[in-house]
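For the numbers below, each heavy atom of this structure counts, side chains included, while hydrogens, waters and symmetry mates do not. Counting starts at 1 for both ligands and their atoms, in listed order.
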Amino acid sequence: MFQINHNYQKLQAGYLFPEIARRVNAFSEANPDAAIIRLGIGDVTEPLTPAVLQAMHAAVDEMAQRGTFKGYGPEQGYGFLREAIAEHDFRARGVQIAADEIFVSDGSKCDTGNILDIFGKENRIAITDPVYPVYVDTNVMAGNTGPADQSGRYAGLIYLEANEQNGFVPDLPTEKADIIYLCYPNNPTGTVASREVLQKWVDYARENDSLILFDAAYEAFISDPEIPHSIFEIDGAREVAIEFRSFSKSVGFTGIRCAFTVVPKELQGATADGKKVSVHQLWNRRQSTKFNGASYVVQKGAAAAYSEQGRAEISERIAFYMNNARLLCEGLSRVGIHVFGGENAPYVWLRTPAGTTSWDFFDRLLTAAHVVGTPGSGFGAAGEGYFRLSAFNSLANVEEALRRIEAVL
Ligand SMILES: *Cc1c(COP(=O)(O)O)cnc(C)c1O
């Protein structure tokens, strides 16, 4: 019989979000009148802003005319969008990234998984704990790990613990890591990494010939002017880092789908016989072969987010979500809950009350307050005893959720 990819057999069954859905469905079937408020999955709730919407309507109309109809676009993205990204996301912050170092795609989840196509199986991979589960599972699928142990940790991966003591920014690995995943502002902890911390990581990568895969999906939520938005704001990062960005959370494109990956031309990896190869060329080859570009209509919408009107609308939208985050932090603190994050990221990470596991707290909030959050343990063993609430919801729902939480805690 034909064989499957045996690595899939190593994947831990109870993936976090299906298990949440299972418990929520069971509860709402038993309690059909309960008005459940979902602050669980990190999905936006607010509709597209006018500038983005108008640009997408106009792009659809272009598709309706022979003279302006578009077929396949460039696999790397249209020049108009790559230029707008280089200008507004990088040059405006004093960072030199060329438009052709930007690869537009249909999502950062896909990019962070797909990037493994161009790297060898010999690499030692380091991830933080807790972590965005995609980094782990894509490495399992790619055969970069052994089986999982009782605690759900995979053999062969280096786990870097993020905890209260280190401010949820892990210490450098004590063993040599070839590829390191960092995500700041962080999902799930909502915490950020300072310039000094990021410099330490870049220096480590340079000393060890390692690669940093930097996920900046939440950079638009940074309000503190001292916090870098890009790994490329750090000296020396161009030789050791790839950055992932997404329009999902900032522009509200979780359903529309558009993101990009920055691969500097200086970045080089090694062949088996020690020769150096351009990673930019490898990624270009991979994308040209396996990807046919993001939709023109979608790229027009993304580009409109960089217009003057677009930027004003998006910053208003982000301020709206971040006001929710502030209310969550304040409200939870009032009832004696210890909170982290929520200042430069749309996630509030809270310490569950003493003696309460992450899943206990999940069940308690669901059954007593009809509020859904995400158990910290679902993001890794080090997330046990913590819980994530998302700021993506209406103001009315956030206020109502807080009233209920305050009443039951
Ligand atoms: C939401 C999110 C992304 C964005 O993924 P898309 O596929 O672009 O929607 C990337 N990384 C993290 C950590 C996220 O939470």
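- At least one N or O atom of Y218, backbone or side chain, sits closer than 3.5 Å to an N or O atom of ligand 1.
- Using modelled atom types and a 3.5 Å distance limit, the side chains of N344 and S223 yield a donor-acceptor pair.
- Scanning both residues, I97 and A86, for their nearest heavy atoms gives O-CB, 3.5 Å.
- A pairwise comparison of heavy atoms in V298 and C258 identifies CG1-CB, 3.6 Å as the closest pair.
- Between R317 and E46 no salt bridge is recorded (no basic side-chain N to carboxylate O distance below 4.0 Å).
- Applying the 4.0 Å criterion to heavy atoms of G107 picks out, from ligand 1, the atoms 7 (O), 8 (O).
- A cation-pi arrangement is absent between R311 and Y306, since the terminal nitrogen or guanidinium carbon is not both under 6.0 Å from the aromatic centre and inside a 45° cone about the axis.
- No N or O atom of Y347 sits closer than 3.5 Å to an N or O atom of ligand 1.
- Near S246, with a cut-off below 4.0 Å to any heavy atom, the atoms of ligand 1 are 4 (C), 6 (P), 8 (O).
- Close N/O approach between R257 and ligand 1 is found [any backbone or side-chain N/O within under 3.5 Å].
- Of all atoms in ligand 1, listed by their number and element, those nearer than 4.0 Å to a heavy atom of K249 are 1 (C), 2 (C), 3 (C), 4 (C), 14 (C), 15 (O).
- Classified by interplanar angle (parallel below 30°, tilted 30° to 60°, perpendicular above 60°), the ring pair F80/Y296 is perpendicular.
- Formation of a donor-acceptor pair under 3.5 Å by the N166 side chain with backbone atoms of F168 is found in this model.
- For ligand 1, the atoms lying closer than 4.0 Å to a non-hydrogen atom of K109 are 5 (O), 6 (P), 7 (O).
- The contact set between ligand 1 and S248, taken as ligand atoms under 4.0 Å from a residue heavy atom, comprises 6 (P), 8 (O), 9 (O).
- Close to ligand 1: C183, with a non-hydrogen atom less than 4.0 angstrom away.
- Within the 4.0 Å heavy-atom shell around ligand 1 one finds D215.
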